[in-house]
Q: 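The structure that follows is given in the form of structure tokens.
We name chains A, B, ... by the order of the sequence lines, and we start the count at 1 in each one. Excluded from the calculations below are hydrogen atoms, water molecules and symmetry mates; all remaining heavy atoms, backbone and side chain alike, are included.
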Amino acid sequence: MAAPIMRVERIADYVGQEVTVQGWLYNKTDKGRLYFLLVRDGTGIVQCVVSMRDVPPETFEAARRVTQESSLIVTGTVRQDARAPGVPGGYEIAAREIHIVQLAQDYPIGPKEHGVEFLLDHRHLWLRSSRQWAIQRIRATVIRAIRDWLDGQGFLNVDTPLLTGTAAEGTTTLFPVDYFGERLYLAQTGQLYNEANIFAFGRVYCFGPAFRAERSKTRRHLLEFWMVEPEMAFCTFEEMLEIAEQLVSYVVARVLEERRNELRVLERNTAPLEKVTPPFPRISYDEAVRLLNEWAEEATDPEQKAALRIEWGDDFGAPHETALSLHFEKPVFVTHYPAVVKAFYMQPDPQRPEVVRCADLLAPEGYGEIIGGSERIADYDLLLQRIREHNLPVEEYQWYLDLRRYGSVPHSGFGLGIERTVAWICHLDHIREAIAFPRMLYRYRP
RNA sequence: UCCCCGGUAGCUCAACAGGCAGAGCAGCCGGCUGUUAACCGGCGGGUUGGAGGUUCGAGUCCUCCCCGGGGAGCCA
């Protein structure tokens, strides 16, 4: 009977059995009459031991010939051995038969260090390395967890268009797309459509890519990134914060539960992640400004001093967010920003109309904003007034204004950036590793 | 768009104040039965991003261009 095909992540279930592994050679150690082959199959990495004494000559010859990243099929017996490296590790295969499917020649990425430019040029191959493998596996769990939690809380997934007919979204730069001479744009948010959808479905979320044609060149920006945007009818600002902190906490817990091996590959210290449980601290914009200026006073470095100082009414820059984010052990909500720095649709605070009922969630460890959200203006007249104040084309917003004419309700929503969340959970230096094929300024291929 | 940094062997980098362009890794050959990015010995490997200039002499200094990286603004 042929040996069953084993997925390496399930190796613990096969101890003592003969199995077949289909994969690629990750690394090889040549000890003369003994070879250690590290074989990865997409689910993990297993060490295959090939001893001259124990295998037929053709198997030993295959182990000698096989090169890094060659595809191969190995059959042998699984045994437990604490010395065996790999993921999960602690198990190895005593090989009996090796079939080389294709012999790779001169694989460009070696086990030693490489520069960013070289790795990005070889992104199609870089994805095979264990760090990148671990990150993408965690990303998949983050996405799965988001969907599971929202679906379980009565949210309906209703996706929104990626092509829009007008530049009405206003805020940042849109990618124009030519459609037989007509100008369309790639969506940078599904929020306005989400607001229509809640009146049909109550609680909804859209999940998809967003496009921002910014000439940003930082470790936090992509031209194309993925975002989940929940939107809730009959939901106040405070209720929205609770939903957001529940969702983020659930996602982190799922990764801790299901991706231990991957976090270990990344050498991620999990202690800060274990602390991510509700409730998250909430501070007002006013308080944040006060704190930042206090830290600016205390700072000895004049550059740091200048970077932290802030006037009430200014929006936070990256140094401000980083400082705030480092100050708290959990993600922190910064709420009630001045209306002037925020989007036109945000609901003013009834007690203080100069600020809006909005929140940014800053991830800890200096990672900065992962969520932006707000209660939306429910009143027709106020919304119309804001559209005019922002010099937006009123005619393009007729359908959006309609939502305030036919059964308007208090409602709120937020957007969670997938890559920023993955970058934080994986403790990455740069957001480019959080997506398989990043799109950045001057980086469109492969 | 602006500010800063970089481009030397397949890869990662060195080369004092302008004076023979070098090392590790990878590759190939040989050795080794428990390696964890193995180790030991040997071998091959160069239009120093491009163009121009200064100089007896330029990887090194100057000008322009090209290509990257980091940051700012903006934001997820």
Side-chain angles (χ1 to χ4, degrees), chain A residues 26-38 45 47-55 60 63 67-69 81-87 89-90 92 94 104-122 129-131 169 171-173 188-191 207-229 244 303 306-307 314-322 341-343 360-363 367-373 414-424 429-432 434-435 440-443:
Chain A
Y26 191 61
N27 204 359
K28 174 163 84 171
T29 304
D30 174 357
K31 290 283 295 177
R33 280 174 219 141
L34 175 67
Y35 283 100
F36 295 104
L37 307 183
L38 276 181
I45 302 177
Q47 170 164 281
C48 300
V49 184
V50 189
S51 149
M52 188 186 238
R53 206 172 52 200
D54 302 336
V55 302
F60 193 77
T67 53
Q68 190 190 2
E69 287 306 321
D81 190 320
R83 293 170 295 182
V87 183
E92 62 186 16
Q105 298 291 342
D106 303 318
Y107 184 71
I109 301 179
K112 292 276 180 173
E113 282 172 30
H114 296 284
V116 171
E117 183 177 5
F118 178 81
L119 289 171
L120 284 173
D121 285 343
H122 295 84
S129 64
S130 58
R131 267 187 70 82
E169 286 162 9
T171 54
T172 27
T173 329
Q188 54 179 1
T189 168
Q191 187 206 312
F207 199 134
F211 304 90
R212 308 244 169 123
E214 296 160 348
R215 290 175 90 75
S216 301
K217 215 180 162 185
T218 82
R219 69 184 66 197
R220 292 181 305 278
H221 288 88
L222 294 167
L223 303 184
E224 177 185 311
F225 65 98
W226 286 66
M227 184 159 65
V228 60
E229 294 177 274
E303 229 170 272
D314 291 342
D315 203 355
F316 297 138
H320 302 117
E321 285 192 357
T322 305
V341 302
K342 287 293 180 180
D360 285 355
L361 182 67
L362 308 182
Y367 276 88
E369 185 177 353
I370 56 170
I371 281 181
F414 62 90
L416 169 71
I418 302 303
E419 288 79 11
R420 285 190 182 177
T421 302
V422 171
W424 159 53
D429 292 334
H430 199 295
I431 197 169
R432 62 184 160 227
I435 186 166
M440 298 176 294
L441 184 62
Y442 308 131
R443 278 278 170 203

Q: Applying a 4.0 Å non-hydrogen cut-off, can you work out what D30(A) is touching in the nucleic acid: base, sugar-phosphate, or nothing?
A: base
Q: Of all the choices, C11(B), A37(B), A76(B), which nucleotide is nearest to the side chain of N27(A) once you look at every atom?
A: A37(B)
Q: Which whole number of Å gives the distance between the P atom of A26(B) and that of C11(B)?
A: 15 Å
Q: Look at all strands and tell whether D360(A) reaches a base, only sugar-phosphate, or nothing, counting heavy atoms closer than 4.0 Å.
A: nothing
Q: For RNA chain B, what dot-bracket results from Watson-Crick or G-U pairs at under 3.5 Å, with [ ] for crossers and | for inter-strand partners?
A: (((((((..((((.....[..)))).(((((.......))))).....(((((..]....))))))))))))....
Q: Can you check the distance between G42(B) and U47(B), where both ends of the measurement are the C1' atom (answer in whole Å)?
A: 30 Å
Q: Start at the 5' end of RNA chain B and walk down; is the nucleotide closest to R432(A) or to L34(A) reached first?
A: L34(A)
Q: Looking at every non-hydrogen atom in both residues, tell me the closest pair between R212(A) and M227(A) and how far apart they are.
A: NH2-CE, 4.0 Å
Q: Base, sugar-phosphate or nothing for Y35(A)? Non-hydrogen atoms, less than 4.0 Å.
A: nothing
Q: If the cut-off is 4.0 Å, is R443(A) near the phosphate of C67(B), judged by side-chain N/O to OP1 or OP2?
A: no
Q: So, does R33(A) get its side chain near the phosphate of U33(B), meaning an N or O under 4.0 Å from OP1 or OP2?
A: yes
Q: Can a donor-acceptor pair under 3.5 Å be found between the side-chain atoms of R215(A) and the base atoms of C2(B)?
A: no
Q: CG of L119(A) versus P of G69(B): gap in Å, rounded?
A: 12 Å
Q: Within the 4.0 Å heavy-atom criterion, would you say G89(A) contacts the bases, only the backbone, or no part of the nucleic acid?
A: nothing
Q: I need the CZ-P distance between F118(A) and C11(B), as an integer number of Å.
A: 6 Å
Q: Report the distance from atom NE2 of H320(A) to atom P of C75(B), rounded to the nearest whole Å.
A: 14 Å
Q: Between P on C74(B) and CZ on F316(A), what's the gap in Å once rounded to a whole number?
A: 12 Å
Q: Using the P atom as the reference point in each nucleotide, state the distance between A14(B) and A23(B) in Å, no decimals.
A: 16 Å
Q: May I ask you to verify whether the side chain of H221(A) and the base of C75(B) hold a donor-acceptor pair under 3.5 Å?
A: yes
Q: With sugar-phosphate meaning primed atoms plus P, OP1 and OP2, does I371(A) contact a base, only sugar-phosphate, or nothing at under 4.0 Å between heavy atoms?
A: sugar-phosphate
Q: In whole Å, I'd like the distance from the NZ atom of K217(A) to the P atom of C74(B).
A: 19 Å
Q: Starting at CD of E92(A), measure out to CG of D81(A) and round the result to the nearest 0.5 Å.
A: 4.5 Å
Q: Counting heavy atoms from C-beta on, name the nucleotide in U35(B), A76(B), U33(B) closest to the side chain of R53(A).
A: U33(B)
Q: For the residue pair H320(A) and A307(A), what are the closest heavy atoms and their distance?
A: NE2-O, 2.9 Å
Q: Name the nucleic acid region contacted by E92(A), choosing base, sugar-phosphate or nothing; use a 4.0 angstrom heavy-atom cut-off, strictly under.
A: base
Q: Check if the side chain of S216(A) and the base of G73(B) share a donor-acceptor pair of N or O atoms closer than 3.5 Å.
A: yes
Q: Could you check if a side-chain atom of K342(A) sits within less than 4.5 angstrom of a side-chain atom of D360(A), using non-hydrogen atoms only?
A: yes
Q: Where the side chain of L222(A) is concerned, which of G68(B), A76(B), G70(B) is the nearest nucleotide?
A: A76(B)
Q: Taking only the side-chain nitrogens and oxygens of R212(A), find out if one of them lies under 4.0 Å from OP1 or OP2 of C75(B).
A: no
Q: How far, in whole Å, is C75(B) from G6(B) if one measures between their P atoms?
A: 32 Å
Q: Given C75(B), A76(B), U12(B), identify the nucleotide with an atom nearest to the side chain of H114(A).
A: U12(B)
Q: Under the 5.5 Å and 30° test, is F36(A) stacked on the base of G34(B)?
A: no
Q: What's the gap between C62(B) and G68(B) when it is taken at their P atoms, as a whole Å value?
A: 24 Å
Q: Between I45(A) (CD1) and A37(B) (P), how many Å, whole number?
A: 10 Å
Q: Can you tell which of G34(B), G73(B), U12(B) lies closest to the side chain of A318(A)?
A: G73(B)
Q: Between F225(A) and I435(A), is any pair of side-chain heavy atoms under 4.5 Å apart?
A: no
Q: Reckon H430(A) has a side-chain N or O less than 4.0 Å from the OP1 or OP2 of G70(B)?
A: yes
Q: Provide, to the nearest angstrom, the distance between the CH2 atom belonging to W226(A) and the P atom belonging to C75(B).
A: 24 Å
Q: Hey, are D121(A) and R443(A) close enough for a salt bridge, meaning a charged N less than 4.0 Å from a carboxylate O?
A: yes
Q: Rounded off to whole Å, could you give me the CG-to-P distance for the D429(A) and G69(B) pair?
A: 15 Å
Q: What is the nucleic acid contact for Q47(A), judged by heavy atoms within less than 4.0 Å: base, sugar-phosphate only, or nothing?
A: base
Q: Among the nucleotides U12(B), A72(B), A76(B), which one has an atom lying closest to any side-chain atom of T218(A)?
A: A72(B)
Q: State the CG-CE distance between L120(A) and M440(A), to the nearest 0.5 angstrom.
A: 5.0 Å
Q: Given the C1' atoms of C13(B) and G7(B), what is the spacing between them in whole Å?
A: 12 Å
Q: Taking the P atom of each, how far is G34(B) from C25(B), in whole Å?
A: 22 Å
Q: What contact category does G32(A) fall into here, base, sugar-phosphate, or nothing, at under 4.0 angstrom with non-hydrogen atoms?
A: base
Q: Rounded at 0.5 Å granularity, tell me how far OH in Y35(A) sits from OG1 in T29(A).
A: 11.0 Å
Q: Considering only atom C1', compute the distance from U8(B) to A21(B) and round it to an integer number of Å.
A: 8 Å
Q: For L416(A), report the nucleic acid contact type (base, sugar-phosphate, nothing); a contact means any heavy atom under 4.0 Å.
A: nothing
Q: Looking at G27(B), G34(B), U1(B), which one has an atom nearest to any side-chain atom of D106(A)?
A: G27(B)
Q: Base, sugar-phosphate or nothing for G110(A)? Non-hydrogen atoms, less than 4.0 Å.
A: nothing
Q: How many angstroms lie between atom CG of L38(A) and atom CG of N27(A), to the nearest 0.5 angstrom?
A: 6.0 Å
Q: For R220(A), which of E419(A), R420(A), E369(A) qualifies under side chain to side chain contact (heavy atoms under 4.5 Å, CB included)?
A: R420(A)
Q: Drop me the distance from E69(A)'s CD to S129(A)'s OG, to the nearest 0.5 angstrom.
A: 9.0 Å
